[in-house]
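Naming convention: chains lettered A, B, ... in sequence-line order (proteins, then strands); numbering from 1 in each chain.
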Amino acid sequence: MVSRPRRSVYVPQEIEPKWQKAWADQGVLTAADSSPKPKFYDLVMYPYPSGDLTVGHARNYVMGDVLARMKRMQGFEVLHPFGWDAFGLPAENAAMKRGGGLHPAKWTRDNIAKGKRELKLMGILYDWDREVSTCEPDYYRWTQWLFLLMLERGLAYRAMAPVNWCPVDKTVLANEQVINGRCWRHPDVEVEKRDLEQWFLKITDYADRLLDDLAQLDQWPQKVRVMQTNWIGRSVGTEVDFAVDGMAGESIRIYTTRPDTLFGATFMVLAPEHPLVERVTTEKHRARVRDYVEKARKETEIERLSTEREKSGVATGAFAINPVNGEKIPIWVADYVLVTYGTGAIMAVPAHDERDFEFARRYDLPIREVIAPPAGPQKMLREAYLGQGKMVNSGEYNGLDSTVAFDRICDALEKKGLGKRAIKFRLRDWLISRQRYWGAPIPVVYCPRDGIVPVPKDQLPVELPEEYRPLAENPSFYETTCPKCDGPARRETDTMDTFIDSSWYFLRYASPHDPAEPFDSELANHWMPVDQYTGGVEHAILHLLYSRFFTKVLYDAGLVAVTEPFVRLFNQGMVKRFGQVMSKSAGNGVSIDELAGSAGADAGRIYEMFIGPPEEDVEWTEAGLNGVVKFLQRVWRLVLEPESVVAEGGEAGVSAVDVSVLRRKVAQTVGKVTEHYDELRFNTAVAFLMELANTMQDYLRGGGARDAEWDSAVRTLVSVLNPLAPHACEEMWQRLGEKGLIADAPWPVFDPAVAAEPKVVLVVQVAGKLRDRLEVEPGLSEADAVKAALASEKVRAALDPQGWVGGQWVGYTGW
RNA sequence: GUCGGCGUGGCGGAAUGGCAGACGCGCCAGCCUUAGGAGCUGGUGCCCGAAAGGGCGUGGAGGUUCAAAUCCUCUCGCCGACACCA
């Protein structure tokens, strides 16, 4: 049965396509590079074109769109671009897994087309003229160019690195593709560790700046800044040389953050990969040490780094001399020491380090306390004491505070040339080589005569061959000539990590078609920095750290004027359904087509904003969506058919909303909604709009005239609702007889004088308890307020018999 | 283990030192009816009460304050990140 609307009813399907076309035809969100208006760069993290876009993914795009539309109405020239992180393992894997032999390029481009259509269906406006796709040669040409820039600046280098290797596929795997130590495609094949020469970027050169500049990012979530701080992991300590006993000239350099515990070192530990292991090991211990090192190398990274596991190690038979007291201490090899951090060797102070303590207990090594806790020396050493305290068992330093001894010991070591202060970072250089087809080829050539030769910039891009097959097995790709000597040479067959593609895409948007350079510096400097960057918290470290690194390198190269790319960062929550993150593959996704075909894109947009706080994960429900549909329908009627709102038979007794209340509510709503959109507090912004609609309805019911005041209220409601529900608002705007698009209409101006309440409620508390509420003039003096309060029967009753608390006025609320 | 976040009605949530529960969902009662997955009115934290009114109430226990969901200490629970970085 078809329900028969008696009035013109809001039918989203009839209006949404029409306005989407109008916006596209009029280029509504096309950003002009030269505009007298102030710029606003509104960016959302571009996605992998994985083809499973749902209303869940659309949520953060809607956030960006609401802001873009408001900023535009407020008179900003808004840059709101979109693009595709189209290269990389996810695209390639998906092509292999789901595409049934489909070429990654075809698969990717098809998904881009699908995704683009769906975003338009949601009414999200991007400047599609600026769309970038990282897998296209006119994009990755510049990714390669930037790699060469890194190379020129000494920031790209080759080095041996242990990597995860799948013996069946004959390829390196990303960490994410190693599941329980096995290849994701061959669950019965264990991944091997291999040493391979790989390309790295020297992000560690920028560790200090990446850390220090976090302080400027005061509009980033605290959480992300803390995560980056921890990831960079700056520590202050000392390097100390321990001579190897009986081996003249041989010494082991260690790094410690606690030189004050030097007297407590009772053994030393080398990482299994430490180059001195072979040399210091005595004949008697050689076989056991070799076994141990061999075993350690076979273990996966995950096993090696597990803190759960009991520590293991072997003695080398060698001894070292503690430089502060001449003591002979044994040298061990143990895999709890990492060759990649510090110097790959440590002095072990079991009394004051948990890990050394555990190891000493296991192998029955001595434990000597050298820092006494404030409560005095521990009689029974049951656990390591990590804090500061008075020095004991430390020769001339005894009795000093350990924080003082720290510096004295460092000074003494430096004077004798046995050590020096050092700063270490946890951050490692960025391994960017990927043995994959679907990526930007690293633009270098290996020449037997000239060695590593960069491909000249004017010969870029090094294009991916059409044929989908490993580059290292494709002679027509790798067989080439040396750009220097013209002799036969071999191309690099590794491609770049996709995080490189995404480390600069926000700059390409400034001049996406520039044929001569990655971006036009002048335009980049015009649009940068990004004013609002919205995306998932899963990129808190990787993408955001890499982008910051790239920006700083480009700043140093004089190509951009900013040192930080993103002024304000926002991490939105995920949309769940039936308790699980919404996705097509999980089978709980709501597609954008479904939404547009039922409740409509506008209701979907409002619902995505109203569903909960933007940073929280939220649960999608049909009931919640329905509530928003009803709200939109009510607005529709208020705006277009106010006569239908007043029920037949009059509305006597309806709470009176007179015109001054209406006028005030409208002004207050403008103020609050503007503020809350700006702060991305969309859920409460929607609530304010609902309140306004309720007030307007009450006004009509109470017999309010549909005069100029009403007309103004209606237009204001439509204007401030527009960023959330742009199709419906365009339609209402037109039907109201307004000329032009509401997308181009000016944003209502907040007038605090109109918004001010003529009367306020003075809430009187006595001894912390609410006693009365009085209607008073706003801004009345303290004395008058007290007087008014004391005039209240209820207040006086509360005061008696104890009297006025403290005998004085302390404050009031409800202003 | 370390760091961080979060605990508020039946539900999503609002309030960031000053009226707890805005707004919405759901539910209850009623109205209207073209009988709908529609619209409207009123109610809806808990307890006592016919009502007026009173008491209690933001995971728990203390504390600071005239005043605490909000600040502090401890504690329980859930979630997230990092996890041998010397």
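Across all strands shown, B:rU58 remains unpaired; no Watson-Crick or G-U wobble contact has both distances below 3.5 Å. Taking a pair to require two hydrogen-bonding distances under 3.5 Å in either a Watson-Crick or a G-U wobble arrangement, B:rC27 pairs with B:rG43. Checking B:rA69 for Watson-Crick or G-U wobble geometry (two distances, each under 3.5 Å) identifies no partner in any strand. The nucleotide B:rG37 finds no pairing partner, because no Watson-Crick or G-U wobble arrangement with both distances shorter than 3.5 Å includes it. A 3.5 Å limit on both hydrogen-bonding distances identifies B:rU2 as the Watson-Crick or G-U partner of B:rA81. Pair assignment for B:rU16: none, as no Watson-Crick or G-U wobble contacts are both less than 3.5 Å.
Heavy atoms of A:R234 sit nowhere under 4.0 angstrom from any nucleic acid atom. Among the heavy atoms of the strands, none lies under 4.0 Å from A:L689. Counting non-hydrogen atoms under 4.0 angstrom, A:S235 reaches the backbone sugars and phosphates but no base. Residue A:V537 is out of contact with every strand shown, counting any heavy-atom pair closer than 4.0 Å.
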Chi angles and distances behind the ring-ring contact (aromatic ring centres under 6.0 Å, His included) call for A:Y546, A:W430: CA-CA 9 Å; A:Y546 296 151; A:W430 177 9; 3.5 Å; yes
Interface polar pairs with nucleotides 6-10 of chain B, N/O, under 3.5 angstrom:
none

Write out a two-atom table: protein N or O, nucleotide N or O from nucleotides 21-26 of chain B, distance below 3.5 Å.
| from | atom 1 | to | atom 2 | distance (Å) |
| --- | --- | --- | --- | --- |
| B:rA22 | O2' | A:E691 | OE2 | 2.9 |
| B:rG24 | OP1 | A:N694 | ND2 | 3.2 |

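To the nearest 0.5 angstrom, A:M574 atom CE is 4.5 Å from A:D617 atom CG.
Under the rule for a side-chain contact (heavy atoms from CB on, under 4.5 Å), the partners of A:Q13 that lie at least two apart in sequence or sit in another chain are A:V11. With sequence neighbours left out, the side-chain contact (heavy atoms from CB on, under 4.5 Å) criterion links A:V590 to A:V55, A:R577, A:M582, A:E594, A:W620. With sequence neighbours excluded, no residue satisfies side-chain hydrogen bond (donor to acceptor under 3.5 Å, both in side chains) with A:E619.
Mapped onto RNA chain B by nearest heavy atom, A:N230 and A:R426 fall at different nucleotides, with A:N230 at the one closer to the 5' end. Two residues, A:Q633 and A:E354, neighbour RNA chain B, and the one matched to the more 5' nucleotide by heavy-atom proximity is A:E354.
Closest to the side chain of A:M227, from the set B:rA81, B:rG80, B:rA14, is B:rA81. Looking at the side chain of A:R701, the nearest of the listed nucleotides B:rA14, B:rC40, B:rC3 is B:rC40. Minimum atom distance to the side chain of A:P613 is reached by B:rA14, of the listed B:rA14, B:rG39, B:rA83. For A:Q697, taking side-chain heavy atoms from C-beta onward, the closest of the listed nucleotides B:rA83, B:rC40, B:rA86 is B:rC40.
Here the separation of B:rG26 from B:rA15, taken at their C1' atoms, is 22 Å to the nearest Å. Separating the C1' atom of B:rG21 from that of B:rG7 is a span of 16 Å, rounded to the nearest Å. Taking atom C1' on both nucleotides, B:rU65 is separated from B:rA83 by 41 Å, rounded to a whole Å. A gap of 40 Å separates the C1' atoms of B:rC28 and B:rG80, to the nearest Å. A distance of about 22 Å separates the C1' atoms of B:rU2 and B:rC72, rounded to the whole Å. With C1' as the reference atom, B:rG54 and B:rG59 are 27 Å apart, rounded to whole Å.
Between A:Q222 atom CD and B:rU16 atom C1' there is a gap of 16 Å when expressed in whole angstrom units. In this structure, A:E538 atom CD and B:rA81 atom P are separated by 10 Å, rounded to whole Å. B:rC40 atom P lies 12 Å from atom CG of A:L700, rounded to whole Å. The distance between atom CG of A:N571 and atom P of B:rA81, rounded to the nearest whole Å, is 13 Å. Across the protein-nucleic acid pair, A:I611 atom CD1 and B:rA14 atom P stand 13 Å apart, rounded to whole Å.
Cation-pi check for A:K424 over A:Y255 is met; the charged atom lies under 6.0 angstrom from the ring centroid and within 45 degrees of its normal.
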Using residues 681-689 of chain A as the side-chain source, report each donor-acceptor pair under 3.5 Å to any protein atom, sequence neighbours left out, with the distance given to one decimal.
| from | atom 1 | to | atom 2 | distance (Å) |
| --- | --- | --- | --- | --- |
| A:R681 | NH1 | A:E679 | OE1 | 2.9 |
| A:T684 | OG1 | A:H676 | ND1 | 2.6 |
| A:T684 | OG1 | A:R681 | O | 3.0 |

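A:L632 and A:L721 get closest at one heavy-atom pair: CD2-CD2, 4.4 Å.
Between A:Y385 and A:H352, the ring planes are perpendicular. Angles over 60° get that label, and only those under 30° would be called parallel.
Shown here, B:rG9 is classed syn by the O4'-C1'-N9-C4 or O4'-C1'-N1-C2 angle, which is within 90° of 0.
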